[in-house]
Visitor: 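There's a structure below that I have some questions on.
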There are 2 protein chains.
Amino acid sequence: MDAAGRLFAAKGFEEANVREICRAAGVNIAAVRHHFGSKEGLYRAVVVRSHKGFLEQEPFPKFEAGDDPAVALERAIEQMLRIMLVRRGAHPYAGQLISRELRSPTAVLDELVENVMKPLRCELERIVAALLGGANSPRLRGQCANFVIGLCVFHDLGKEALKRFGYPPPERAADVPKLAGLITKFALSGIVGFAARG
Amino acid sequence: MDAAGRLFAAKGFEEANVREICRAAGVNIAAVRHHFGSKEGLYRAVVVRSHKGFLEQEPFPKFEAGDDPAVALERAIEQMLRIMLVRRGAHPYAGQLISRELRSPTAVLDELVENVMKPLRCELERIVAALLGGANSPRLRGQCANFVIGLCVFHDLGKEALKRFGYPPPERAADVPKLAGLITKFALSGIVGFAARG
DNA sequence: AAGGAATTCAAACACGTGTTTGAGATATGA
DNA sequence: TCATATCTCAAACACGTGTTTGAATTCCTT
């Protein structure tokens with residue numbers, strides 16, 4: 001499953017092939033049928049395991065009443081970028097699997113949305129709500145959350161284009177905060193801009 | 001080439017297969033070898049033709065000195081969204097091909113970046129520059145352009161996730177301006193936020 | 001230690017893919 | 001009209017894929 005996760009994250013579901021996974025894992029091809037039923041079963045198992053462990057070990061920071069929503073937003077953005085752009089020790093491919101599902105959804109996307117992305121998004125909405133203040137309507141709040149997510153996700157999905165533009169997204173954890181700070185400023189102004197006008 | 005464009009846009013380079021394209025076009029499989037050399041040759045020809053015609057018929061609105069940068073930004077955002085989300089009459093799949101190249105780059109991405117995306121982005125930078133005013137540094141200007149592009153592109157790349165969040169991106173031209181207006185407000189505040197702080 | 005279940009293995013299977021073939025049809029120009 | 005170049009066609013080829021097989025091996029319980 002480690003080998004499968006690595007290869008699925010690197011190549012995607014279609015492009016990663018069972019023979020290579022099994023070679024990397026040092027097991028026979030028939031093992032996947034026996035243990036997971038099929039390639040898709042293996043993929044599903046990998047994704048589930050990866051995001052479960054990921055949620056346990058790197059919980060999204062909880063936004064409590066009284067916290068500064070601006071720093072909460074920066075934390076959230078920083079973590080989203082890190083998850084997708086940087087290979088972490090514990091779950092090196094969790095973010096990449098999510099990112100891949102966004103690009104080319106398979107049957108597991110629904111599960112991923114429900115268990116990983118929605119909770120994350122929900123937390124984000126609470127931060128946005130605090131920033132919106134009086135202008136806080138559910139619809140607007142949701143849209144702002146989408147925009148923030150979009151700003152982060154694009155730096156992974158659009159990586160190749162950004163490289164060619166001269167703005168390669170950071171690949172090391174140390175370089176993430178700089179970009180996160182910029183995105184945060186941008187998003188912060190964007191959100192409180194709505195608050196100002198109502 | 002029409003059939004190929006339609007299928008490549010709908011399924012992507014890998015998933016679209018030559019037999020289906022030829023069946024849809026009513027020609028023999030061997031025709032692609034004779035006329036384009038290979039499947040990749042056909043793809044390249046389709047992409048090139050599609051974006052050339054697209055640039056001629058739907059040029060990106062030019063930002064002149066004296067124009068209101070705020071409305072120019074809205075126009076630009078509206079057009080980007082329309083290109084990717086809505087099938088147009090003249091070049092129904094040009095935007096989708098670009099979007100597909102972002103998701104899973106092939107060898108044509110470079111050409112697409114150089115001939116389509118860079119000019120578009122360059123125009124966007126000029127608008128951003130006008131908005132930034134005094135705070136206008138090349139680097140910051142570029143980042144802001146990236147953010148705007150990201151906000152638009154995400155609504156196509158992340159379509160499936162957005163649907164599941166309850167925010168399906170518009171598919172008809174008539175529904176685009178509403179989203180464009182929202183993104184514009186957000187981006188506008190974000191950009192002038194930088195201008196305020198320097 | 002013996003029996004039986006669980007697991008592993010190399011090999012083959014079925015299918016889809018892009019590509020190639022070589023003969024036939026069609027258009028072109030003298 | 002005829003010869004040549006251009007194009008079309010159905011069929012087959014070569015290869016990669018996920019899956020299946022049935023025997024061999026390992027593991028656990030009795």
Side-chain angles (χ1 to χ4, degrees), chain A residues 1-51 93 96-112 160, chain B residues 1-51 93 96-112 160:
Chain A
M1 285 180 73
D2 282 333
R6 191 158 16 91
L7 285 166
F8 278 138
K11 303 187 159 193
F13 176 73
E14 297 289 347
E15 280 68 23
N17 73 68
V18 180
R19 280 174 175 79
E20 188 177 355
I21 292 173
C22 289
R23 205 184 318 129
V27 303
N28 188 273
I29 315 172
V32 354
R33 169 180 160 84
H34 191 267
H35 290 284
F36 305 101
S38 67
K39 180 189 182 183
E40 190 179 325
L42 170 60
Y43 179 67
R44 173 170 238 104
V46 164
V47 171
V48 168
R49 188 192 73 151
S50 169
H51 87 242
Y93 38 74
Q96 287 167 57
L97 289 174
I98 294 178
S99 172
R100 285 220 166 263
E101 279 297 319
L102 285 180
R103 264 179 284 191
S104 24
T106 72
V108 254
L109 176 58
D110 290 292
E111 191 168 357
L112 225 42
E160 288 308 316
Chain B
M1 285 180 74
D2 282 332
R6 193 158 13 94
L7 285 165
F8 279 138
K11 303 186 159 192
F13 175 74
E14 296 288 349
E15 282 68 23
N17 73 68
V18 180
R19 280 174 177 80
E20 189 177 353
I21 291 173
C22 290
R23 205 183 319 129
V27 303
N28 188 272
I29 315 172
V32 353
R33 169 179 160 83
H34 191 266
H35 290 283
F36 305 100
S38 67
K39 179 188 182 184
E40 191 179 326
L42 171 59
Y43 179 67
R44 174 171 238 103
V46 164
V47 170
V48 168
R49 189 192 71 151
S50 169
H51 87 244
Y93 38 75
Q96 287 168 58
L97 289 173
I98 294 177
S99 171
R100 284 220 166 265
E101 278 298 319
L102 285 179
R103 266 180 281 193
S104 24
T106 73
V108 254
L109 175 59
D110 290 293
E111 191 170 354
L112 225 41
E160 290 305 317

Visitor: Considering residues, nucleotides and ligands other than B:Glu15, do more than 12 of their heavy atoms fall under 6.0 Å from its CD?
Guide: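 Result for CD/B:Glu15: enclosed.
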Visitor: Round to the nearest Å and state the distance from B:Phe8 atom CZ to C:dG18 atom P.
Guide: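 For the pair B:Phe8 CZ and C:dG18 P, the rounded distance is 8 Å.
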Visitor: Among the nucleotides D:dG18, C:dT8, C:dT19, which one has an atom lying closest to any side-chain atom of A:Arg19?
Guide: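 The answer is D:dG18, which lies nearest to the side chain.
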Visitor: To the nearest angstrom, how far is B:Phe36 atom CZ from C:dG18 atom C1'?
Guide: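 So the two atoms are 16 Å apart, to the nearest Å.
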Visitor: At less than 4.0 Å, is any side-chain N or O atom of B:Arg33 found next to OP1 or OP2 of C:dT20? Yes or no.
Guide: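 B:Arg33 to C:dT20 OP1/OP2: side-chain N or O found under 4.0 Å.
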Visitor: Measure from NE2 on A:His34 to P on D:dT26 and round the result to the nearest Å.
Guide: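 Distance, rounded to whole Å: 16 Å.
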Visitor: Do you know the tightest heavy-atom contact between A:Lys39 and A:Ala16?
Guide: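 Smallest heavy-atom distance, with atoms named: NZ-O, 2.9 Å.
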Visitor: Select one nucleotide: of C:dT19, C:dC9, C:dT20, the one nearest the side-chain heavy atoms of B:Ala30.
Guide: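 The answer is C:dT20, which lies nearest to the side chain.
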Visitor: Taking only side-chain nitrogens and oxygens of A:Asn28, does any of them come within less than 4.0 Å of OP1 or OP2 of C:dA10?
Guide: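 The answer is yes; a side-chain N or O of A:Asn28 sits under 4.0 Å from OP1 or OP2.
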Visitor: For A:Arg23 and D:dG18, what is the distance between atoms CZ and P respectively, to the nearest whole Å?
Guide: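 Answer to the nearest Å: 12 Å.
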Visitor: Between A:Lys11 (NZ) and D:dG16 (P), how many Å, whole number?
Guide: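 After rounding, the reported distance stands at 13 Å.
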Visitor: Quick one: pull up CG in B:Leu109 and CZ in B:Arg100 and give me the separation to the nearest 0.5 Å.
Guide: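 B:Leu109 atom CG to B:Arg100 atom CZ measures 14.0 Å (nearest 0.5 Å).
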Visitor: Tell me: CD of B:Glu15 to C1' of D:dT17, nearest whole Å?
Guide: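 Rounding to the nearest Å, CD of B:Glu15 and C1' of D:dT17 are 14 Å apart.
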Visitor: I want to check one thing: is the phosphate of D:dG16, taken as OP1 and OP2, less than 4.0 Å away from some side-chain N or O of A:Asn17?
Guide: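 No, no such contact exists.
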Visitor: B:Ile21 CD1 to C:dT19 C1': how many Å, rounded?
Guide: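 It works out to 14 Å between those atoms.
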Visitor: Let me know the distance between CD1 of B:Ile29 and C1' of D:dC9, rounded to the nearest Å.
Guide: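 Roughly 10 Å, once rounded to whole Å.
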Visitor: Let me confirm one number: the CD1-CD1 distance from A:Ile29 to A:Ile21, rounded to the nearest 0.5 Å.
Guide: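 Reported value, rounded in 0.5 Å steps: 11.5 Å.
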Visitor: For C:dT8, take OP1 and OP2 only and decide whether either is under 4.0 Å from a side-chain N or O of A:His35.
Guide: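 A:His35 to C:dT8 OP1/OP2: side-chain N or O found under 4.0 Å.
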Visitor: In chain order, what residues pass the side chain to side chain donor-acceptor pair (under 3.5 Å) check against A:Asp110, with sequence neighbours excluded?
Guide: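 Side chain to side chain donor-acceptor pair (under 3.5 Å) list for A:Asp110, sorted by chain: B:Arg164.
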